[in-house]
Amino acid sequence: MRIKKLSELTNKSKKRKEKADESKDSKDTKDTKDTKDTKDTSASSTQEEQKLSERVGDNLSRMKKALGQSTDLVVREFRISVEEKFTLGVAYIDGLVNKDEVEHYALDSIMHYHDEHLTHDDGIINMYELIKSYSLAAGEIMEAKTLDDALLHVLSGDTVLFLEGYQTCIVASTRGWRDRAVSEPQSQTVVRGPRDSFTETLRTNTALIRRRIKSPKLWIESQQIGEFTKTDIALVYIDGIADEQVIQEVKERLSKIDIDGILESGYIEELIQDEDYTPFPTMHNTERPDSVAAGLLEGRIAILVDGTPFVLMVPALFIQFFQAAEDYYQRADISTLIRLMRYMAFFLALLTPSAYIALTTFHQEMLPFALLISIAAQREGVPFPAIIEAFIMEITFEILREAGVRLPRAVGSAISIVGALVLGEAAVQAGLVSPAMVIVVSITAISNFVSPVYDMAIAVRMLRFILMVLAATFGLFGIILGLILMILHLCSLRSFGIPYMTPMAPFVKRDQKDVLIRRSIKKMKTRPKLINEKNISRQKTQKN
C-alpha cells in the first residue's frame with residue numbers, strides 16, 4: 001500500500017515537472033520568436049528607411065543630410081518636358097566628375113529629347129526607361145535602389161539622376177577627377193626599357209597593363225575594401241596561366257579584410273602576407289607596367305589599389321628581388337654579369353661590417369701582416385672598440401640617408417653627400433673612428449644601393465646590425481651561425497603556398513636558367529614550374 005502511494009506521488013511529480021518543462025519550452029519558444037520577429041522588424045524597418053522615395057525633393061534632401069550639407073555636393077532639380085510633367089533631380093560631387101560629360105552627355109541629351117519621342121504606341125509614357133535606354137549618352141548606365149548605393153556612386157564620381165514617381169535612380173558614369181600624368185618611374189629606373197609608370201588612378205593602371213597584354217584571357221576582377229574609404233581593388237591575372245588555387249587563396253584573404261580604410265597598397269600587403277615576423281618581403285611591389293606584365297605571363301597575380309602607383313604581385317620569390325626589368329632588355333651575357341654583381345653586392349652589404357669587426361677583434365692572424373700593421377696603426381688613437389665604432393658610423397649614415405630622402409629634392413642629395421664627407425673626415429680627424437672603418441661603411445652603403453628592389457635593401461640594413469652583434473660576440477663563428485639561421489628562416493617562408501627559395505630550395509633544375517645567370521630568350525621556353533603547372537610552354541613549336 002505504501003509502495004502504491006509512493007508510486008502515485010512520483011507519477012504526479014513527474015507530470016508536474018513535464019507540465020513545467022512544457023510551459024518553459026513554450027515560453028522560450030515564444031521569447032525566441034519574439035526576438036526573431038523584433039530583429040526581422042528592425043531589419044525590415046532599416047531596409048525601408050534606406051529605400052529611395054518617389055519624390056525627387058525628398059531624395060535630394062536625404063542625400064544632403066547624409067553628407068552633412070557638404071559644399072562639394074552639387075544638386076539640381078528641374079523640369080524636363082514641355083508640359084512640365086516630369087521632375088528630374090541630379091546629384092554629383094564637384095571635383096570627382098567630368099563636368100563636360102555631365103553637361104553635354106547627361107543633361108543636354110535629356111533636355112533636347114522632344115516630347116513626341118517620349119510616348120509609346122499605347123500612349124503611356126515610361127519616362128524612366130526612355131531616359132535610361134535612349135536619352136542618356138553616357139558611357140555606362142547603372143541603377144541604384146537604396147540611398148547607400150546612390151551615395152556610394154556619387155562619392156565614386158558618378159552622377160545620380162532621380163525621376164519623380166520612381167523609387168530607383170539612374171547612375172551615369174561621369175568620373176573625371178584630375179590625376180597625375182604617366183611619367184618615368186622614380187624607384188626602379190632603367191637605362192634601356194620603357195619609361196612609363198603606374199599612377200594613382202586605377203583605370204589608368206589597368207589600361208597600361210592592357211596596352212601590353214592584348215588578350216581576352218587577361219581578366220580583371222574588382223572589389224571595394226574599407227568601411228569608410230571604399231577603396232577600389234583590382235585583381236589581375238591571365239586565365240589559363242595563373243594557378244587556380246593561388247587565385248582562390250588571394251580572393252579569400254582579400255575577402256577577410258575588415259578595416260575602416262585602405263590608403264595604400266602597403267595596407268593590403270600587411271593584411272594578406274604569409275609571415276608577419278620576417279624582415280624579408282613576401283610580396284613584390286613595383287611601379288613598372290612592364291614588370292607586372294612579365295609577372296602575369298609567368299603565372300603571377302597582380303593586385304592594383306586605387307590611389308597608389310605601386311602594384312603588388314604574388315607569389316613572390318627570393319630570386320625575384322634580384323631581377324631587374326632591364327635584365328631582359330639587354331643581351332644574356334651582359335644581364336648575367338650585372339646580376340652576379342647584384343648578388344655580390346648583397347653579400348657585401350650584409351657581411352662587410354661584421355667581417356671587419358670579427359677579423360680585427362678575434363681573428364687578427366687571418367689578416368696579412370702588412371694589412372694588420374696598417375689597421376693597428378689607424379686604430380691606435382681610437383677610444384672605442386670596433387663594434388662601437390661600426391655602430392656609430394652605420395647609425396650616422398642611416399640618419400643621413402633618411403634626411404636626404406625627407407629633405408626637399410633640390411637640397412636633399414647635396415646635404416646627404418656633403419654631410420657624409422664632412423662628418424666622415426671630421427670623425428677621422430677627431431680620432432673617433434679609423435679611416436678603415438669609413439671605407440668599410442662606404443662600401444657597405446654603396447653595395448646596398450645596388451639592390452633593384454627597395455624592400456630587400458631594407459631587409460639587408462636590418463640584418464646587418466644583428467650580424468654585427470654576433471660578430472662582436474663570437475667572431476666568425478657568430479657570422480656563420482647568423483647566416484645558417486637566416487637560410488633556415490628563408491627556407492621556412494612561403495608566399496601564398498609557394499616556397500620562398502624556389503627554385504633553389506626545393507631545387508628545380510629547369511628553372512635554373514633565370515637564377516644566378518640568365519639564359520638567352522631562345523633557351524627560356526618554359527615558365528617557372530611551381531608558379532605555373534598548367535600552361536608551361538612560353539614558345540610555341542613552329543611547324544614547317
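Throughout, numbering of the chain's residues begins at 1 and tracks the sequence. Side-chain atoms are counted along with the backbone in the values below, which use heavy atoms only and exclude waters and symmetry mates.
Considering only heavy atoms from C-beta on, Leu470 stays 4.5 Å or farther from Ile479 through its side chain. Between Gln245 and Val250, the closest side-chain pair of non-hydrogen atoms is not below 4.5 Å. Counting heavy atoms from C-beta outward, Phe347 and Ser447 have side chains that stay 4.5 Å or more apart. Counting heavy atoms from C-beta on, the side chains of Leu254 and Ile268 come closer than 4.5 Å. Side-chain contact between Glu275 and Thr278 is present, with heavy atoms from C-beta onward closer than 4.5 Å. Side-chain contact between Leu317 and Arg300: present, with at least one pair of heavy atoms (C-beta onward) separated by less than 4.5 Å. Residues Pro279 and Val460 fail the side-chain proximity criterion, which asks for heavy atoms closer than 4.5 Å.
With sequence neighbours excluded, the residues satisfying ring pair (Phe, Tyr, Trp, His ring centres under 6.0 Å) with Phe321 are His284.
Taking the six-membered ring for Trp and thresholds of 30 and 60 degrees, Phe322 and Tyr343 have nearly parallel ring planes, at less than 30 degrees apart. Aromatic ring pairs are classed by plane angle as parallel below 30°, tilted from 30° to 60° and perpendicular above 60°; the pair Phe280 and Phe318 is perpendicular.
Checked by atom type and distance alone, the side chain of Lys525 never pairs as donor or acceptor with a backbone atom of Lys522 at under 3.5 Å. At distances below 3.5 Å, at least one donor-acceptor pair connects side-chain atoms of Thr396 with backbone N or O atoms of Ile392. The backbone N or O of Thr231 lies less than 3.5 Å from no partner atom in the side chain of Gln223, so there is not a single donor-acceptor pair. Here the side chain of Gln364 pairs a donor or acceptor atom with the backbone of Thr360 at under 3.5 angstrom. Under the 3.5 Å distance criterion, the side-chain polar atoms of Thr199 are matched with a main-chain donor or acceptor of Thr201. In this structure, Ser495 contributes its side chain and Ala316 its backbone to a donor-acceptor pair below 3.5 Å. Between the side chain of Thr444 and the backbone N or O of Thr352, no donor-acceptor pair lies under 3.5 Å. No donor-acceptor pair closer than 3.5 Å links the side chain of Glu380 to the backbone N or O of Ala376. Between the Glu227 side chain and the Asp258 main chain, no donor and acceptor come within less than 3.5 Å of each other. Put simply, the side chain of Arg342 never gets that close to the backbone of Leu337: no donor and acceptor are under 3.5 Å apart.
Remark: Tyr356 OH to Thr361 OG1 distance equals 8.5 Å, nearest 0.5 Å. Between Ile209 atom CD1 and Ile238 atom CD1 the span is 10.0 Å, to the nearest 0.5 Å. Taking CE of Met393 as the start and CG of Leu432 as the end, the distance is 10.0 Å to the nearest 0.5 Å. The CE atom of Met501 sits 9.5 Å away from the CG atom of Leu493 when rounded to the nearest 0.5 Å. Taken from CG in Leu348 to CE in Met344, the straight-line distance is 6.0 Å, to the nearest 0.5 Å. Here the OG1 atom belonging to Thr282 is positioned 8.5 Å from the CG atom belonging to Asp276, to the nearest 0.5 angstrom.
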With side-chain contact (heavy atoms from CB on, under 4.5 Å) as the criterion, how do Val236 and Leu218 come out once you've worked through the C-alpha distance, each side chain's angles and the decisive distance to 0.1 Å? CA-CA 7 Å; Val236 184; Leu218 180 66; 3.6 Å; yes
Determine whether Arg339 and Asp327 satisfy the following criterion, salt bridge (Lys or Arg N to Asp or Glu O under 4.0 Å), listing intermediate values before the conclusion. CA-CA 8 Å; Arg339 184 173 296 178; Asp327 290 353; 3.2 Å; yes
Let me see the working for Ile272 and Phe496 under side-chain contact (heavy atoms from CB on, under 4.5 Å), right down to the final yes or no. CA-CA 9 Å; Ile272 68 174; Phe496 288 83; 3.9 Å; yes
Please lay out, stage by stage, how Leu359 and Met366 fare under the test side-chain contact (heavy atoms from CB on, under 4.5 Å). CA-CA 7 Å; Leu359 291 174; Met366 298 182 65; 4.1 Å; yes
Begin with the C-alpha distance, continue with both residues' side-chain angles, and end with the deciding distance and a verdict on side-chain contact (heavy atoms from CB on, under 4.5 Å) for Leu296 and Ile213. CA-CA 9 Å; Leu296 294 174; Ile213 304 179; 4.0 Å; yes
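Around atom CZ of Arg494, more than 12 heavy atoms belonging to other residues, nucleotides or ligands sit under 6.0 Å away. Within 6.0 Å of CZ in Phe362 there are more than 12 heavy atoms belonging to other residues, nucleotides or ligands. Atom CZ of Phe369 sits in a sparse spot, with 12 or fewer heavy atoms from other residues, nucleotides or ligands closer than 6.0 Å. Other residues, nucleotides and ligands contribute over 12 non-hydrogen atoms within 6.0 Å of the CD atom of Glu365. Within a 6.0 Å sphere centred on NZ of Lys217, heavy atoms belonging to other residues, nucleotides or ligands number 12 at most. Residue-environment remark: CZ (Arg195) exceeds the threshold of 12 foreign heavy atoms within 6.0 Å.
Salt-bridge annotation for Glu402 and Arg461: present, with a side-chain N of the basic residue lying under 4.0 Å from a carboxylate O of the acidic one. Using a 4.0 Å cut-off between charged nitrogen and carboxylate oxygen, Glu398 and Arg464 count as a salt-bridge pair. The pair Arg175-Asp158 meets the salt-bridge criterion, since a charged nitrogen lies less than 4.0 angstrom from a carboxylate oxygen. A salt bridge does not link Lys256 to Glu252: none of the charged side-chain nitrogens sits closer than 4.0 Å to a carboxylate oxygen. Comment: Asp514 does not engage Arg519 in a salt bridge, judged by the lack of any side-chain N to carboxylate O separation of less than 4.0 angstrom. Under 4.0 Å is where a charged nitrogen must lie from a carboxylate oxygen, and between Glu298 and Arg527 no such pair does. Looking at Arg192 and Glu326, no side-chain N of the basic residue comes within less than 4.0 Å of a carboxylate O on the acidic one, giving no salt bridge.
Side-chain atoms of Ser187 and Glu287 form a donor-acceptor pair, as typed in the model, at a separation below 3.5 Å. In this model, a donor atom of one side chain and an acceptor atom of the other lie less than 3.5 Å apart for Tyr237 and Glu221. Of the N and O atoms on the side chains of Arg253 and Gln248, not one donor lies less than 3.5 Å from an acceptor on the other residue. Side chains of Thr308 and Glu264: a donor on one and an acceptor on the other come within 3.5 Å. Inspection of the Ser197 and Gln186 side chains reveals no N or O donor paired with an N or O acceptor under 3.5 Å. The closest side-chain donor-acceptor pair between Lys513 and Thr526 falls under 3.5 angstrom. Judged purely by distance below 3.5 Å, without hydrogens or angles, the side chains of Tyr328 and Asp290 never pair a donor atom with an acceptor atom. In the model, Thr146 has a side-chain atom that pairs as donor or acceptor with a side-chain atom of Asp149 under 3.5 Å.
Centroid-to-centroid, the aromatic rings of Phe465 and Phe391 come within less than 6.0 Å. Residues Phe198 and Phe310 place their aromatic rings such that the two centres sit no closer than 6.0 Å.
Annotation: cation-pi pair Arg379/Phe384 absent, no NZ/CZ under 6.0 Å from the ring centroid and within 45° of its normal.
Closest approach of Arg212 and Pro289 over heavy atoms only: NH1-CB, 3.4 Å. Listed here is the closest heavy atom pair of Ala471 and Ile357: C-CG2, 4.3 Å. Closest non-hydrogen pair, Arg210 versus Ser215, comes out as NH1-O, 3.6 Å. The two residues Asp455 and Glu269 have their closest heavy-atom pair at OD2-OE2, 4.3 Å.
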